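Note that the coordinates shown come from a computational prediction; the quantities given were computed from them, not determined experimentally. Both ligands and their constituent atoms are indexed starting at 1 by order of listing.
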Amino acid sequence: MPTKILPEKSEITVIGGGIVGVTIAHELARRGEEVTVIEKSFIGSGSTFRCGTGIRQQFGDEANVRVMKRSVELWKRYSEDYGFPFEQTGYLFLLYDDEEVEAFRRNIAIQNRFGVPTRLITPEEAKEIVPLLDISEVVAASWNPTDGKASPFHSTAAFALHAEEFGAKLVEYTEVKDFIVENGEIKGLKTSRGTIKTGIVINATNAWAKLVNAMAGIRTKIPIEPYKHQAVITQPVKKGSVKPMVISFRYGHAYLTQTSHGGIIGGVGHEEGPTYDLSPTYEFMREVSYYFTRIIPALRELLILRTWAGYYAKTPDSNPAIGKIEELSDYYIAAGFSGHGFMMAPAVAEMVADLITKGKTDLPVDFYDPYRFERGELRGKALQMG
Ligand SMILES: Cc1cc2nc3c(=O)[nH]c(=O)nc-3n(C[C@H](O)[C@H](O)[C@H](O)COP(=O)(O)OP(=O)(O)OC[C@H]3O[C@@H](n4cnc5c(N)ncnc54)[C@H](O)[C@@H]3O)c2cc1C
């Protein structure tokens with residue numbers, strides 16, 4: 001179980017106990033490194049426990065496709081090893097006109113080149129996968145059966161538990177307040193529960209990353225801003241009613257699927273911010289009800305049980321900043337996931353652990369170079385859901 005007691009020292013310290021911080025600690029501990037996670041509230045309390053459960057490889061660029069292919073391999077392996085649910089029930093993008101079809105054809109070609117078996121299917125085939133769909137306006141769909149979903153609660157808890165078994169320390173209800181730096185080297189961190197001596201620090205605070213960068217005195221421009229995104233869950237319905245994640249850009253950038261408890265979970269593109277406010281809004285309720293019932297009319301019969309909000313920590317190109325910050329030794333960042341950090345976490349953990357333990361990685365981490373903003377080299381905008 002996570003502890004409130006701060007160790008006196010740790011070789012490596014991860015700030016932030018979301019899925020990203022926890023999987024990084026898990027991967028480092030597995031490799032025999034001494035690592036501590038410091039979390040200001042409880043494990044998963046940031047965006048992680050508020051997310052939409054989706055895990056997809058359907059991106060439009062080589063780096064994200066390769067990273068997500070690796071991530072899905074790791075999701076599969078760890079869900080089997082640790083016994084948490086990860087279901088490969090696919091992602092189904094509904095397409096409504098030639099322009100959308102053309103854009104998805106290009107994405108599918110890239111995905112196929114790197115071994116992701118997405119294909120364009122007919123509206124009738126889409127309806128076979130989700131019989132409740134209204135396909136009257138749908139002209140085609142992009143379908144990858146190897147995408148899926150996982151419970152954020154079960155998976156984060158499983159990674160946390162096994163990280164501890166490998167010797168990692170997870171410290172909850174402890175906030176990092178400042179860095180202790182001498183001659184450009186990290187010596188320790190000041191926290192709300194005392195000081196920890198440490199040499200290597202990873203900023204895995206996502207929506208709060210800019211605050212931690214400021215504490216570390218980082219001058220490099222790494223623009224990550226918190227935006228409010230909301231989600232909804234309905235009363236449970238018959239298992240298997242909506243197996244894949246269903247996406248409709250036409251209808252409000254909506255995404256929806258069924259959780260293992262049977263409720264329909266999802267959200268729309270409704271975005272507010274930058275803000276740290278998290279109060280759910282009536283406007284979201286109205287939009288989500290309208291768009292969801294355009295995609296699946298039968299959802300009209302369902303009661304909405306709950307809505308809530310969380311952060312998308314957004315960068316200008318919707319891709320995270322992952323890598324070493326050279327101004328300070330040894331400081332790393334893995335933040336700014338722009339609404340798709342849950343799915344990326346296992347592969348991100350591998351990349352960050354590779355950088356720390358080997359100085360390099362086979363995965364295309366340069367794509368997420370934290371210095372690209374300052375150099376004005378934004379990447380093509382990553383396909384963002386919601
Ligand atoms: C409505 C919604 C739906 C989403 N749907 C999906 C989806 O379907 N698939 C997907 O992949 N992603 C989805 N996301 C995005 C996903 O939730 C995030 O990208 C992911 O959870 C980021 O994980 P993280 O560990 O980087 O951040 P977080 O989970 O936010 O963890 C960061 C942690 O840092 C802690 N922290 C901050 N400052 C300090 C400090 N000074 N000291 C100590 N601790 C600190 C915070 O308390 C927090 O727990 C969704 C997000 C939202 C809001």
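Of all protein heavy atoms, the one lying nearest to atom 42 (N) of ligand 1 is Val176 N, 2.9 Å. Protein heavy atom at the shortest distance from atom 1 (C) of ligand 1 is Arg50 O, 3.6 Å. Summary of contacts: the protein heavy atom closest to atom 12 (N) of ligand 1 is Gly339 O, 3.2 Å. Ranking protein heavy atoms by distance to atom 25 (O) of ligand 1, first place goes to Val20 N, 3.0 Å. The nearest heavy-atom contact from the protein to atom 10 (C) of ligand 1 is Phe342 CB, 3.4 Å. Among protein heavy atoms, atom 17 (O) of ligand 1 sits closest to Cys51 CB, 3.1 Å. Among protein heavy atoms, the minimum distance from atom 35 (C) of ligand 1 is reached at Glu39 OE1, 3.2 Å. Taking atom 9 (N) of ligand 1 as the reference point, the nearest protein heavy-atom neighbour is Gly54 O, 2.9 Å.
For the atom pair NE2 (His340) and SG (Cys51), the distance works out to 12.5 Å, reported to the nearest 0.5 Å.
Heavy-atom contacts of Ile15 reach the following atoms of ligand 1: 40 (C), 42 (N), 43 (C) (cutoff under 4.0 Å). If you number the atoms of ligand 1 from 1 as listed, the ones under 4.0 Å from a heavy atom of Ala204 come out as 32 (C). Near Thr48, meaning under 4.0 Å from any of its heavy atoms, are these atoms of ligand 1: 21 (O), 23 (O), 25 (O), 28 (P), 29 (O). Near Tyr311, with a cut-off below 4.0 Å to any heavy atom, the atoms of ligand 1 are 53 (C). Numbered from 1 in the order shown, with element, the atoms of ligand 1 that lie under 4.0 Å from a heavy atom of Phe337 read 19 (O), 26 (O).
Phe373 does not carry Arg375 over the face of its six-membered ring by the limits of under 6.0 Å from the centre and within 45° of the normal.
Between Phe49 and Phe42, the angle of the ring planes lies from 30° to 60°, which puts this pair in the tilted group.
Between Arg286 and Ser289, every side-chain heavy-atom pair lies at or beyond the 4.5 Å cut-off.
Salt bridge Glu164/Lys169: absent, no basic N to carboxylate O contact under 4.0 Å. The pair Asp61-Arg379 does not count as a salt bridge, with every side-chain nitrogen at least 4.0 angstrom from each carboxylate oxygen.
Screening Thr257, Thr259, Thr53 against Lys149 for a side-chain hydrogen bond (donor to acceptor under 3.5 Å, both in side chains) leaves a single residue, Thr257. Under the ring pair (Phe, Tyr, Trp, His ring centres under 6.0 Å) rule, Tyr311 has a single partner from Trp208, Tyr227, Phe337, which is Trp208.
Checked by atom type, the side-chain pair Ser318/Ser338 shows no donor-acceptor distance below 3.5 Å. Donor-acceptor pairing under 3.5 Å is recorded for the side chains of Ser142 and Gln58.
Contact annotation: for Thr53 versus ligand 1, heavy atoms closer than 4.0 Å belong to the backbone alone. When non-hydrogen atoms are compared, ligand 1 lies under 4.0 Å from the side chain of Tyr255 (C-beta onward) but not from its backbone.
Not a single heavy atom of Ile43 sits closer than 4.0 Å to an atom of ligand 1.
Listed by chain and number, the residues in a side chain to side chain donor-acceptor pair (under 3.5 Å) with Glu287 are His270 (sequence neighbours excluded).
The heavy atom nearest to atom 4 (C) of ligand 1, considering only Ala231, Pro152, Gly52, is found in Gly52.
An N or O contact shorter than 3.5 Å links Ser47 to ligand 1 by distance.
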